Q: 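After the structure tokens below, expect a handful of questions from me.
Only a predicted model underlies this, so the values are computations on that prediction, with no experimental measurement involved. Below, chain A is the first sequence line, B the second, and so on; all start at residue 1.
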Amino acid sequence: MTQLVRDAVRAAIAAALDDAQQHGALPRLPGAEIAVERPQKPEHGDYASSVALRLAGTVKRKPLDVAQAIADSIQTGPLIDAVEVAPPGFINLRLSPHWKREQVNDILADPHAWGSIDIGHGQKLQVEFVSANPTGPLQVGNGRGAVLGDALASVLAAAGYNVEREYYVNDAGTQVRVFAETLHVRYQQHFGRDVEVPAEGYQGRYIVDLAEAIAADVGQQYLQPEGAPPPPSDQPDPLATEGLRRMLDQIRADLGLLGINFDQWFSEASLLSPRDALDGRSVYDTAMARLREGGHVVEKEGAVWFASSSDDDKDNVIVRSSGEPTYFATDIAYHFDKFALRRFDRVINVWGADHQGHVARTKAATAAVAGAANAQAEHGLEMLLYQLVHLRRGGERVRMSKRTGELVTLRELVQEVGPDVTRYFMLERSADAQMDFDLELATSQDPKQNPVSYVQYAHARCASILRTAAAEGLDAPTPESTADVQLLVEPTEIALIDAMLRLPELVELMATKLEPHHLTTYALELAQQFTQFYGACRVVDPSAPDRSRARLKLTRAAQIVLARALGLMGVAAPDEM
RNA sequence: GCGCCCGUAGCUCAGCGGAUAGAGCAUCAGACUUCGAAUCUGAGGGUCGGGGGUUCGAGUCCCUCCGGGCGCGCCA
């Protein structure tokens, strides 16, 4: 776990501000927020604060004077080496190079800890993502949610949360019924019966394949007598169950190809079955009872509605006039389960932007149904929306729909370009950015020109240098090594250390704002800094063994941090390419 | 019509209210007897969609217009 350097810098400035007021260099002020940032230009130091610019107005002094008064009181020491004031009123701080070099030893001391911080305090946090209906294979668009959710979960774990990854399996409701009907038709067609897929059924080829695979394995055992009426929907349907099981297996395998594994596959249908812990009632019934008791339910027009107390939303139907619950109703029960029964402190649902209209009502309903049992239900639910992926093939837009059956599956994409490129590409853009995925471009892309290979190459090169050093008989850069990191004085060496030092604060930023896409930019910059160091500094040099051993430590540290950045993205960190 | 998101270099996109707006790709010019050339060095390329406003300071915040995406009470 790493204490954030920025916080130490901020504390030093706060103390200086306090000190300047005590000595009368500045008038008494109400507590001001101290903004600390990383300047873009190296000549502006490692950290900068604009606090003087903000205060100048209220104390009616020139910004530069205020900055100077604060700067004069900043204590330099082992961490802060120099303080400068720059127009129009910035305070620029430089960290001690000696301290920076020592951080290399810290990175080596606990390779798995670098980049881990503790803003989560072990709070129980769930990231729910993908959650695509198990009525068809995953699409390219699902891949974006998959990659985003998985990287976010990794980032939050690095930030000190106790993270669970969950996939909500919609194995109940309308879509499953349509899936079952279609599957029955295809299954019967396989045995030569003259039946048609209903108009609202799934037209896709994959469901024919599924029916044939089942028929090949089990024969005719699910065949109903010819012309028999369809079984009532509340009866178990062995063919549908088998079909769903196989679809889920395929989804699980597809996600496995991307290196994504869930802790929990949560069944929607399980919300409807009785539970001993709830006195034999289902989660669904319990949640609905809570809603009624809380006065959140109104009945009108023959249906049951969730009465919104928020201005953002209107009333929404939870039980249709037909008596059937809506998707929203089971969703309320699901979130009741998350907060009231499983007691998560925070839940982040990663949703496609087409679900934007559900955000307000789901939050309101969650607070209403679970707020009494778990206060976190009031504000602990957040939705991370990602814009949908538009596929193109050349200039042509590819329309996707499970129902019409024109599909570009995630599996096809991953098999074509590989999991690492898929993940990196999906992660490169912010969730808010619309994304065009040109299949022609993606599949023809020269791997040599891919940013992900560049980063992986830097990692592999670290490994290669370490191998060469071992062959030359130089001792390994272990934490016990007596190599002196203070010999790292070249500009490219310090720049590389600077890049490594940024990771903990980046993790904090990503975890706070739920923005894992910064990882790609960071990984690229880190790889560039390493490559520049490599170009400027000979590491394995028998004529200068002490310096070689110091640079080996730096190389090993760079490998560790590159591996961590790649690991958070879920991208492989190979020792050879 | 209303709500959310987007508009930044030729292309794809970063950019926590701060200093001369960045990267990758593409283009052009150079660099391998040297630890991995899947590399490096350099160059060109921008009225940050338009217009107002707030601020010491706006690509970033507010208003408005234009363009694109998604959604809008008994689908999921």
Q: Give A/Ala460 one of three labels, base, sugar-phosphate or nothing, depending on what nucleic acid heavy atoms sit under 4.0 Å from its own.
A: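 Base contact - A/Ala460 has a heavy atom under 4.0 Å of at least one base atom.
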Q: Out of B/rG18, B/rA76, B/rC5, which nucleotide sits closest to the side chain of A/Phe90?
A: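 Out of B/rG18, B/rA76, B/rC5, the nucleotide with an atom closest to A/Phe90's side chain is B/rG18.
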Q: So, is A/Tyr327 near the phosphate of B/rA76, with a side-chain N or O under 4.0 Å from OP1 or OP2?
A: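 For B/rA76, OP1/OP2 do not have a side-chain N/O of A/Tyr327 under 4.0 Å.
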Q: Can a side chain N or O of A/Ser321 be found less than 4.0 Å away from OP1 or OP2 on B/rC74?
A: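 Answer is no, no contact under 4.0 Å.
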Q: Hydrogens and angles aside, do A/Tyr47 and A/Arg38 bring a side-chain donor and acceptor to less than 3.5 Å of each other?
A: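 Yes.
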Q: Could you tell me how far B/rU39 sits from B/rA26 if I compare only their P atoms? Round to whole Å.
A: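 Here B/rA26 and B/rU39 have their P atoms 10 Å from each other.
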Q: Decide, for B/rC32, between syn and anti: a glycosidic angle within 90° of 0 counts as syn, anything else as anti.
A: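 Because its glycosidic torsion lies within 90° of 0, B/rC32 adopts the syn conformation.
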Q: Considering every strand shown, what is the Watson-Crick or G-U wobble mate of B/rA37 when both distances are under 3.5 Å?
A: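 Answer to the pairing question: none, since B/rA37 forms no Watson-Crick or G-U pair.
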Q: Ignoring backbone atoms, test whether A/Tyr534 places a side-chain nitrogen or oxygen under 4.0 Å from the OP1 or OP2 oxygen of B/rA37.
A: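 Yes, within the criterion.
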Q: Among B/rC16, B/rG15, B/rG18, which nucleotide has an atom closest to any side-chain atom of A/Leu509?
A: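 In terms of side-chain proximity for A/Leu509, the closest of B/rC16, B/rG15, B/rG18 is B/rC16.
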Q: Taking atom C1' of B/rA76 as reference, at what distance in whole Å does atom CG of A/Asn349 sit?
A: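 Distance, rounded to whole Å: 15 Å.
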Q: Check whether any side-chain N or O of A/Ser464 sits under 4.0 Å from OP1 or OP2 of B/rG36, and answer yes or no.
A: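 Answer yes for this pair, as a side-chain N or O of A/Ser464 is under 4.0 Å from OP1 or OP2.
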Q: Under 4.0 Å between a side-chain N/O of A/Arg54 and OP1 or OP2 of B/rG18, yes or no?
A: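 For B/rG18, neither OP1 nor OP2 has a side-chain N or O of A/Arg54 closer than 4.0 Å.
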Q: Just wondering, do A/Thr531 and A/Tyr454 contact through their side chains at under 4.5 Å, heavy atoms?
A: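 A side-chain contact under 4.5 Å exists here.
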Q: For B/rC28 versus B/rC13, give the span between their P atoms, rounded off to a whole number of Å.
A: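 It works out to 24 Å between them.
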Q: Within the modelled atom types, does a donor on one side and an acceptor on the other bring the side chain of A/Asp331 and the base of B/rA76 under 3.5 Å apart?
A: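 Answer no: no donor N or O sits under 3.5 Å from an acceptor.
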Q: Taking OP1 and OP2 of B/rA76, is either one under 4.0 Å from a side-chain nitrogen or oxygen of A/Arg320?
A: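 Checking A/Arg320 against B/rA76: at least one side-chain N or O falls below 4.0 Å of OP1 or OP2.
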Q: If you measure from the C1' atom in B/rG3 to the same atom in B/rC11, how many Å do you get, rounded?
A: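 It comes out at 32 Å once rounded to the nearest Å.
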Q: P atom, B/rU60 versus B/rC16: distance in rounded Å?
A: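 The answer is 11 Å between these two P atoms.
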Q: For a quick test of reading the model: is some side-chain N or O of A/Gln528 closer than 4.0 Å to OP1 or OP2 of B/rG24?
A: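 Yes, because at least one side-chain N or O of A/Gln528 sits under 4.0 Å from OP1 or OP2 of B/rG24.
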Q: So, does A/Ser464 use its side chain to make a donor-acceptor pair with the main chain of A/Ala460 at under 3.5 Å?
A: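 Absent.
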Q: Just name whichever nucleotide pairs with B/rC32, Watson-Crick or G-U, keeping both distances under 3.5 Å, else none.
A: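 Across any shown strand, B/rC32 pairs with none.
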Q: How long is the line joining CD of A/Gln356 and C1' of B/rC2, in whole Å?
A: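 These atoms are roughly 11 Å apart.
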Q: With rounding to whole Å, what would you report as the distance between B/rG15 and B/rC6 at their P atoms?
A: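 My reading of the P atoms in B/rG15 and B/rC6 gives 10 Å.
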Q: Students often get this wrong, so: under 4.0 angstrom with heavy atoms, is A/Leu524 touching a base, only sugar-phosphate, or nothing?
A: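 Sugar-phosphate, no base atom in range.
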Q: So which nucleotide from B/rA76, B/rA19, B/rU39 ends up closest to the side chain of A/Ala86?
A: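 The listed nucleotide nearest to A/Ala86's side chain is B/rA19.
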Q: What nucleotide, of B/rA38, B/rC5, B/rC4, holds the atom closest to the side chain of A/Asp432?
A: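 Minimum distance to the A/Asp432 side chain belongs to B/rC5.
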Q: I want to check one thing: is the phosphate of B/rA21, taken as OP1 and OP2, less than 4.0 Å away from some side-chain N or O of A/Lys41?
A: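 No, because none of the side-chain N or O atoms of A/Lys41 sits under 4.0 Å from OP1 or OP2 of B/rA21.
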Q: Considering only atom P, compute the distance from B/rG46 to B/rC62 and round it to an integer number of Å.
A: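 One P to the other, the span is 29 Å.
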Q: Please determine whether a side-chain nitrogen or oxygen atom of A/His44 lies at a distance below 4.0 Å from atom OP1 or OP2 of B/rU20.
A: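 For B/rU20, OP1/OP2 do not have a side-chain N/O of A/His44 under 4.0 Å.
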Q: Rounded to the Å, how far apart are A/Glu428 CD and B/rC25 P?
A: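 Going from A/Glu428 (CD) to B/rC25 (P), I get 11 Å.
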Q: Can you measure A/Leu385 atom CG to B/rC72 atom P for me and round it to whole angstrom units?
A: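 For the pair A/Leu385 CG and B/rC72 P, the rounded distance is 14 Å.
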Q: Would you classify A/Ala48 as touching base, sugar-phosphate or nothing, given that sugar-phosphate means primed atoms plus P, OP1 and OP2, and contacts are heavy atoms under 4.0 Å?
A: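 Contact class for A/Ala48: base.
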Q: Is it the case that the base of B/rG15 and the side chain of A/Gln40 share a donor-acceptor contact (distance under 3.5 Å, atom types as modelled)?
A: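 When only heavy-atom distances are counted, A/Gln40 does not reach the base of B/rG15 through any donor-acceptor pair under 3.5 Å.
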Q: NA contact type, A/Ser50, heavy-atom cut-off 4.0 Å: base, sugar-phosphate, or nothing?
A: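 Base contact.
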Q: Does the distance from a Lys or Arg side-chain N to an Asp or Glu carboxylate O, for A/Asp7 and A/Arg10, drop under 4.0 Å?
A: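 Salt bridge between A/Asp7 and A/Arg10, a charged N being under 4.0 Å from a carboxylate O: yes.
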Q: Among B/rC16, B/rA23, B/rA19, which is the nearest nucleotide to the side chain of A/Pro39?
A: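 Selected nucleotide (nearest to the side chain): B/rA19.
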Q: Does B/rG73 have a Watson-Crick or wobble mate here (both distances under 3.5 Å), and if so which one?
A: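 Pairing partner: none.
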Q: Answer yes or no: is there a side-chain heavy-atom contact under 4.5 Å between A/Arg551 and A/Glu493?
A: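 They are in contact (side-chain heavy atoms under 4.5 Å apart), so the answer is yes.
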Q: Rounded to the nearest 0.5 Å, how far apart are CG of A/Asn349 and NZ of A/Lys363?
A: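 The CG atom of A/Asn349 sits 10.0 Å away from the NZ atom of A/Lys363.
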Q: Using heavy-atom distances to pick each residue's nearest nucleotide on RNA chain B, tell me which of A/Ala353 and A/Thr174 is more 5'.
A: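 Its nucleotide being nearer the 5' end, the pick is A/Ala353.
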Q: Does OP1 or OP2 of B/rG15 have a side-chain N or O of A/His517 closer than 4.0 Å?
A: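 Result: yes.
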Q: Between B/rG3, B/rC16, B/rC35, spot the one nearest the side chain of A/Ile465, thanks.
A: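 Nearest to the side chain of A/Ile465 among the choices is B/rC35.
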Q: Go through B/rA37, B/rA76, B/rC35 for me and flag the one nearest to the A/His355 side chain.
A: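 Minimum distance to the A/His355 side chain belongs to B/rA76.
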Q: Is the phosphate of B/rC13, meaning OP1 or OP2, less than 4.0 Å from a side-chain N or O of A/Ser430?
A: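 No, outside the criterion.
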Q: Going by distance alone, is a donor N or O of one side chain under 3.5 Å from an acceptor N or O of the other, for A/Glu268 and A/Asn170?
A: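 Indeed, the side chains of A/Glu268 and A/Asn170 share at least one donor-acceptor pair under 3.5 Å.
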Q: Considering only atom P, compute the distance from B/rG22 to B/rG45 and round it to an integer number of Å.
A: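 So the two P atoms sit 14 Å from each other.
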Q: Name the closest nucleotide to the A/Tyr457 side chain, picking from B/rC35, B/rG68, B/rA38.
A: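 Nearest to the side chain of A/Tyr457 among the choices is B/rA38.
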Q: Tell me whether the side-chain N/O atoms of A/Arg6 come closer than 4.0 Å to OP1 or OP2 in B/rC16.
A: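 For B/rC16, neither OP1 nor OP2 has a side-chain N or O of A/Arg6 closer than 4.0 Å.
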Q: Verify, without hydrogens or angle tests, whether A/His296 (side chain) and A/Arg292 (backbone) share a donor-acceptor contact under 3.5 angstrom.
A: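 Pair absent, no side-chain N/O of A/His296 close to backbone of A/Arg292.
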Q: Please give, in whole Å, the distance from B/rG18 C1' to A/Leu53 CG?
A: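 After rounding, the reported distance stands at 8 Å.
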Q: I want to check one thing: is the phosphate of B/rU41, taken as OP1 and OP2, less than 4.0 Å away from some side-chain N or O of A/Gln532?
A: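 Indeed, a polar side-chain atom of A/Gln532 lies that close.
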Q: What is the pairing partner of B/rG7, taking Watson-Crick or G-U wobble pairs with both distances under 3.5 Å in any strand?
A: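 B/rC66 - that is the nucleotide pairing with B/rG7, both distances being under 3.5 Å.
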Q: Quick one: classify the glycosidic conformation of B/rG73 as syn or anti, with syn meaning within 90° of 0.
A: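 Syn, angle within 90° of zero.
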Q: Hey, which sits more toward the 5' end of RNA chain B by its nearest nucleotide, A/Ala431 or A/Leu388?
A: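 With A/Leu388 and A/Ala431 compared, the 5'-side residue is A/Ala431.
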Q: A/Arg461 has a side chain; which of B/rC70, B/rU39, B/rC74 sits nearest to it?
A: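 Selected nucleotide (nearest to the side chain): B/rU39.
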Q: Should the pair A/Arg538 and A/Tyr534 be classed as cation-pi, given the thresholds of under 6.0 Å to the six-membered ring centre and 45° from the axis?
A: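 Not satisfied by the 6.0 Å and 45° rule.
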Q: Step through it carefully: locate the ring centre of A/Phe266, locate the ring centre of A/Tyr167, and say whether they are under 6.0 Å apart.
A: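 For A/Phe266 and A/Tyr167, the ring centres are not under 6.0 Å apart.
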Q: Using the P atom on both, measure B/rG42 against B/rC65 and round to a whole Å.
A: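 Rounded to whole Å, the distance is 47 Å.
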Q: Within the 4.0 Å heavy-atom criterion, would you say A/Ala433 contacts the bases, only the backbone, or no part of the nucleic acid?
A: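 Sugar-phosphate: the residue A/Ala433, judged by heavy atoms under 4.0 Å, touches backbone atoms but no base.
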Q: Need one value for A/Cys537: base, sugar-phosphate or nothing, where a base atom within 4.0 Å counts as base even if backbone is also close, heavy atoms only.
A: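 Answer is base: heavy atoms of A/Cys537 come under 4.0 Å of a base.
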Q: Under a 3.5 Å cut-off for both contacts, is B/rG22 paired Watson-Crick or G-U wobble with anything, and if yes, with which nucleotide?
A: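 Pairing partner, where one exists within any strand: B/rC13.
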Q: Are OP1 or OP2 of B/rC35 and a side-chain N or O of A/Arg538 less than 4.0 angstrom apart?
A: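 Checking A/Arg538 against B/rC35: no side-chain N or O falls below 4.0 Å of OP1 or OP2.
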